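Working notes, beginning with the structure itself.
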Amino acid sequence: MVRDEIKALLKQIYPEEIIIIDYVPPDKKGDYSTNLAMRIAGKKSISPLRIAEEISQKINSPIISETIIYPPGFINFVLNHTYVKEKFKTIEKCNIGKGLRVNVEFVSVNPTGPINIVNGRAAAFGDALVRLLNYAGYDADAEYYINDCGRQIDLLAESIKQRMNQLLGKEFSIPEDGYHGEYLIPLAKKFLEAKITEAEVVKEQAVNYFLQQHQEMLENFRVKFKNWIRESEVRNKGYVDRVMKIFREKGLTFEQDGALYLKTTAFNDTRDRVIITGDGRYTYLLPDIAYHLYKIERNYQFLITILGPDHLGQVGSLYAGLKGLDYSENILKIIIVQEVKLKKDGRYISMSKRAGTFITLEDLLNEIPIDVCRFFFLMRSSSQHLDFDLDLAKNVSEENPVYYVQYAYARIMSIIRFAQEKGISMIDDVDLNLLNEKEEMILMKYILRFEETIEDAVKNFEPFMITYYLIGLARIFHHFYQKHRVVGDNEELTRARLFLIKRTAQTLKTGMELLGCSCPEKM
RNA sequence: GCGCCUGUAGCUCAACAGGAUAGAGCAACGGAUUUCUAAUCCGUAGGUUGGGUGUUCGAUUCACCCCAGGCGCGCCA
């Protein structure tokens with residue numbers, strides 16, 4: 001990649017220094033720049049401009065045609081056009097993953113109700129992250145965890161039972177911390193018809209019912225999971241007991257008020273946590289820690305766990321638990337995907353699952369196309385609270401950037417069709433030296449940045465960087481299109497430009513695929 | 001009360017390990033099409049980056065203190 005080559009160039013001259021390469025703002029001359037001179041100047045208290053002068057004289061490389069010094073000490077590099085064209089002809093892929101096995105767990109909605117919008121955001125985010133990691137050379141698997149044990153499942157079964165009573169015209173009362181949503185009524189009806197009443201069977205069937213619903217929903221949303229892991233599986237394989245034993249032997253547990261605590265404060269948690277309740281059942285924590293151990297023992301070298309904002313309290317204790325098992329906290333990255341505030345008719349809609357007032361992912365997808373939905377979700381950093389304006393998303397055909405990107409692709413496809421109708425053969429062996437217009441150079445150089453953007457997005461765990469890149473690429477293409485005609489009288493030039501826009505289209509499409517968005521051939 | 005996230009143009013958001021005159025889209029106003037898709041392009045206007053102090057050659061970015069909003073702080077998950 002271009003950026004790496006420039007970095008290597010400077011590293012050769014200054015092996016001790018950390019080299020930072022940035023892009024040059026559009027109004028300045030140059031393509032890449034470094035602040036190296038200012039960094040050195042800061043240490044030695046010499047004028048940065050003088051050091052910049054010194055550095056720029058030491059640089060002698062065929063890839064750079066000019067270096068320019070800007071006050072207070074930036075050194076900008078102008079890429080050699082011949083070099084850009086050579087690079088452009090071959091596709092160079094970012095491979096920072098080197099086959100590292102990564103487990104990305106996300107969504108993991110409890111099988112007690114529908115998938116809501118925050119889960120939907122996490123789904124789009126996690127899925128894009130997995131695609132991104134695999135593109136960048138990692139061996140990443142998407143994993144979904146099914147909490148099919150524990151108290152919430154008991155509450156679910158009880159809530160369904162009460163709904164069955166209701167349907168039978170009997171008295172009923174749903175437990176206060178049970179599930180009050182009306183979505184349980186059709187399920188209760190189903191059970192009545194099938195004459196299912198036994199609690200264990202209700203539990204099992206209800207879990208399967210929601211699980212299947214989630215699987216279908218996620219598939220519709222183009223989110224793929226490789227692994228579906230049940231909590232019961234983790235328990236049955238003895239992981240929970242094993243972790244328990246380790247913690248006991250290491251003296252990390254203590255009893256208090258009849259409950260068993262884990263000393264997570266020994267590993268920087270804010271307080272110690274209950275792992276076994278007074279009535280002898282596990283809280284979520286121990287199975288969760290055991291589950292993470294189970295991931296590691298399935299030979300994953302790095303774990304990414306994506307959680308919703310309501311699970312913030314778990315972060316510290318989960319890291320603490322892994323440290324308690326003598327794993328470095330570097331093996332796990334917990335990403336909190338922040339909440340989605342849904343706006344309709346200018347007002348925010350509040351969502352509560354227990355109360356049964358929430359908008360599901362399904363509701364959302366009934367209103368807006370998947371492409372728009374995914375792009376919208378992925379346009380923000382995961383740490384940002386997301387404002388989702390339904391009215392805007394619905395009538396956005398003109399103001400939604402996803403169409404802007406898709407339109408650029410469709411436009412290119414149209415040109416290619418036009419060229420084919422004219423009988424112009426598409427070949428890859430073109431003479432790029434014919435491309436010397438400013439807009440052509442900008443386009444080529446921007447496309448070369450794609451792999452660098454991938455690298456940045458992966459390192460930051462932030463697919464949103466891709467969305468901005470794609471909007472930028474679409475813009476640059478539209479500019480080019482406005483100024484220059486692709487299919488013209490000069491056949492050689494036409495071929496060269498066709499090659500250029502074909503690469504543009506490929507890049508757009510690859511990027512959109514990473515986000516799970518489509519690129520229609522026509523619009 | 002403690003912890004986490006957030007505060008940038010009228011609105012939604014960028015600014016890539018502290019960098020250059022803080023950028024886009026939408027909304028507003030004015031323009032561009034005899035030729036490959038006008039879902040496009042060009043231009044105008046819009047800012048004390050919530051407020052303050054500090055560190056620095058340089059702060060939207062880092063530290064501290066306020067102000068405002070959201071979320072989390074359970075023997076629920």
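Remember, predicted model here, so these are calculated numbers, not experimental data. Lettering of chains follows the sequences in order, A, B, ..., and the numbering in each one begins at 1.
Sequence order on RNA chain B of the closest nucleotides to A/Asn460 and A/Val24 puts A/Asn460 first from the 5' end. Nucleotides of RNA chain B nearest to A/Ile75 and A/His478 differ in position, and the one nearer the 5' end is that of A/Ile75.
Between A/Glu339 and A/Arg121 there is no salt bridge, since no side-chain nitrogen of the basic residue lies less than 4.0 Å from a carboxylate oxygen of the acidic one. Salt bridge A/Glu53/A/Arg50: absent, no basic N to carboxylate O contact under 4.0 Å.
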Chi angles and distances behind the ring pair (Phe, Tyr, Trp, His ring centres under 6.0 Å) call for A/Tyr319, A/Phe267: CA-CA 8 Å; A/Tyr319 278 121; A/Phe267 307 100; over 10 Å; no
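Atom CG of A/Asn76 and atom P of B/U21 are 13 Å apart (whole Å). We find that NE2 of A/His385 is positioned 18 Å from P of B/A68, with the value rounded to whole Å. The nearest whole Å value for the distance from the CD atom in A/Gln338 to the P atom in B/G3 is 17 Å. Per the geometry, CD1 belonging to A/Ile334 stands 22 Å off P belonging to B/C71, to the nearest Å.
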Which nucleotides of RNA chain B pair, in dot-bracket form (Watson-Crick or G-U under 3.5 Å, | meaning another strand): (((((((..((((.....[...)))).(((((.......))))).....(((((..]....))))))))))))....
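Residue A/Arg475 places its side chain closer to B/A24 than to any other of B/U12, B/C4, B/A24. Here B/G19 is the nucleotide among B/G19, B/G74, B/G25 with the atom lying nearest to any side-chain atom of A/Pro72. Nearest to the side chain of A/Ala259, among B/A14, B/C75, B/A39, sits B/C75.
When all heavy atoms of A/Ile289 and A/Ser317 are compared, the closest pair comes out as CD1-O, 4.4 Å.
In this structure, A/Phe388 reaches neither bases nor backbone, as no heavy-atom distance under 4.0 Å exists between it and the strands shown. Within 4.0 Å (heavy atoms only), A/Gly313 reaches sugar-phosphate atoms of the nucleic acid but no base atom. Base contact: A/Tyr23 has a heavy atom under 4.0 Å from a base atom. Residue A/Ser33 is in base contact, counting any heavy-atom pair closer than 4.0 Å across all strands shown. Using a 4.0 Å heavy-atom cutoff across all strands shown, A/Asp257 reaches at least one base atom of the nucleic acid. Here A/Met465 lies out of heavy-atom contact (under 4.0 Å) with every strand.
Under 3.5 Å, the side chains of A/Thr360 and A/Asn116 contain no donor-acceptor pair of N or O atoms. Judged purely by distance below 3.5 Å, without hydrogens or angles, the side chains of A/Thr112 and A/Asn110 never pair a donor atom with an acceptor atom. The closest side-chain donor-acceptor pair between A/Tyr294 and A/Glu233 falls under 3.5 angstrom. A side-chain donor from one of A/Glu451 and A/Tyr135 sits under 3.5 Å from a side-chain acceptor of the other. Side-chain contact check for A/His479 and A/Gln482: no donor-acceptor pair (N or O, by modelled atom type) lies under 3.5 Å. No side-chain donor-acceptor contact under 3.5 Å links A/Gln338 and A/Ser383.
Only at 4.0 angstrom or more do the heavy atoms of residues 490-506 of chain A sit from any atom of RNA chain B, so none qualifies. Of the residues in residues 260-277 of chain A, those with a non-hydrogen atom less than 4.0 angstrom from any atom of RNA chain B are A/Arg271, A/Val274, A/Thr277.
For A/Tyr468 and B/A14, the ring-to-base geometry does not satisfy the stacking test (centroid distance below 5.5 Å, interplanar angle below 30°).
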Could you list, one pair per line, each protein nitrogen or oxygen that sits under 3.5 Å from a nitrogen or oxygen of nucleotides 32-37 of chain B, together with the distance?
unit_1 : atom_1 : unit_2   : atom_2 : d
B/U35  : O2'    : A/Arg485 : NH1    : 3.1
B/U35  : O2'    : A/Arg485 : NH2    : 3.2
B/C36  : O4'    : A/Arg485 : NH2    : 3.4
B/C36  : O2     : A/Val487 : N      : 3.1
B/C36  : N3     : A/Val486 : N      : 2.9
B/C36  : N4     : A/Tyr481 : O      : 3.4
B/C36  : N4     : A/His484 : O      : 2.6
B/U37  : OP1    : A/Ser414 : OG     : 2.2
B/U37  : OP2    : A/Ser414 : OG     : 2.8
B/U37  : O2'    : A/Tyr407 : OH     : 2.2
B/U37  : O2'    : A/Arg411 : NE     : 2.9
B/U37  : O4     : A/Ala410 : O      : 3.3
B/U37  : O4     : A/Met523 : N      : 3.2

Please enumerate all protein N or O atoms sitting under 3.5 Å from an N or O of nucleotides 7-9 of chain B, with distances to 0.1 Å.
none

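Atom P of B/G52 sits at a distance of 49 Å from the matching atom of B/U33, rounded to the whole Å. Spacing between B/U6 and B/A45 at atom P, rounded to whole Å, works out to 33 Å. With both ends at atom P, the span from B/C26 to B/C65 equals 41 Å, rounded to whole Å. Taking atom C1' in both B/G58 and B/G19, one finds a spacing of 7 Å when rounded to whole Å. Taking the P atoms as reference points, B/C4 lies 23 Å from B/C16, given to the whole Å. Comparing B/U21 with B/G25, their P atoms are spaced 22 Å from each other, to the whole Å. Between B/U12 and B/G7, the distance separating the two P atoms is 12 Å to the nearest Å. When the C1' atom is compared between B/U53 and B/C11, the two are found 32 Å apart, to the nearest whole Å.
A salt bridge (charged side-chain N to carboxylate O under 4.0 Å, His left out) check over residues 369-381 of chain A, counting only residues at least two apart or in different chains, returns the pairs A/Asp127-A/Arg374, A/Arg222-A/Asp371. Identified under the ring-ring contact (aromatic ring centres under 6.0 Å, His included) test for residues 24-43 of chain A, with sequence neighbours left out: A/Tyr23-A/Tyr32.
Partners of A/Lys483 according to the salt bridge (charged side-chain N to carboxylate O under 4.0 Å, His left out) rule, which considers only residues two or more places apart in sequence or in another chain, are A/Glu439. Remark: A/Asn330 engages A/Ser328 in a side-chain hydrogen bond (donor to acceptor under 3.5 Å, both in side chains) (not counting sequence neighbours). Applying the salt bridge (charged side-chain N to carboxylate O under 4.0 Å, His left out) criterion to A/Lys502, with sequence neighbours excluded, gives A/Asp428. A/Tyr291 pairs by the ring pair (Phe, Tyr, Trp, His ring centres under 6.0 Å) definition with A/Tyr145, not counting sequence neighbours.
A donor and an acceptor atom sit less than 3.5 Å apart, one in the side chain of A/Asn35 and one in the base of B/G19. Not a single donor-acceptor contact under 3.5 angstrom links the side-chain atoms of A/Thr283 to the base of B/A77.
Side-chain N/O atoms of A/His479 include one lying less than 4.0 angstrom from OP1 or OP2 on B/C42.
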Can you give the donor-acceptor pairs under 3.5 Å from side chains of residues 407-424 of chain A to other protein atoms, not counting sequence neighbours?
unit_1   : atom_1 : unit_2   : atom_2 : d
A/Tyr409 : OH     : A/Glu521 : OE2    : 3.2
A/Arg411 : NH1    : A/His478 : ND1    : 3.0
A/Arg417 : NH1    : A/Glu521 : O      : 3.4

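Aromatic ring pairs are classed by plane angle as parallel below 30°, tilted from 30° to 60° and perpendicular above 60°; the pair A/Tyr481 and A/Phe477 is tilted.
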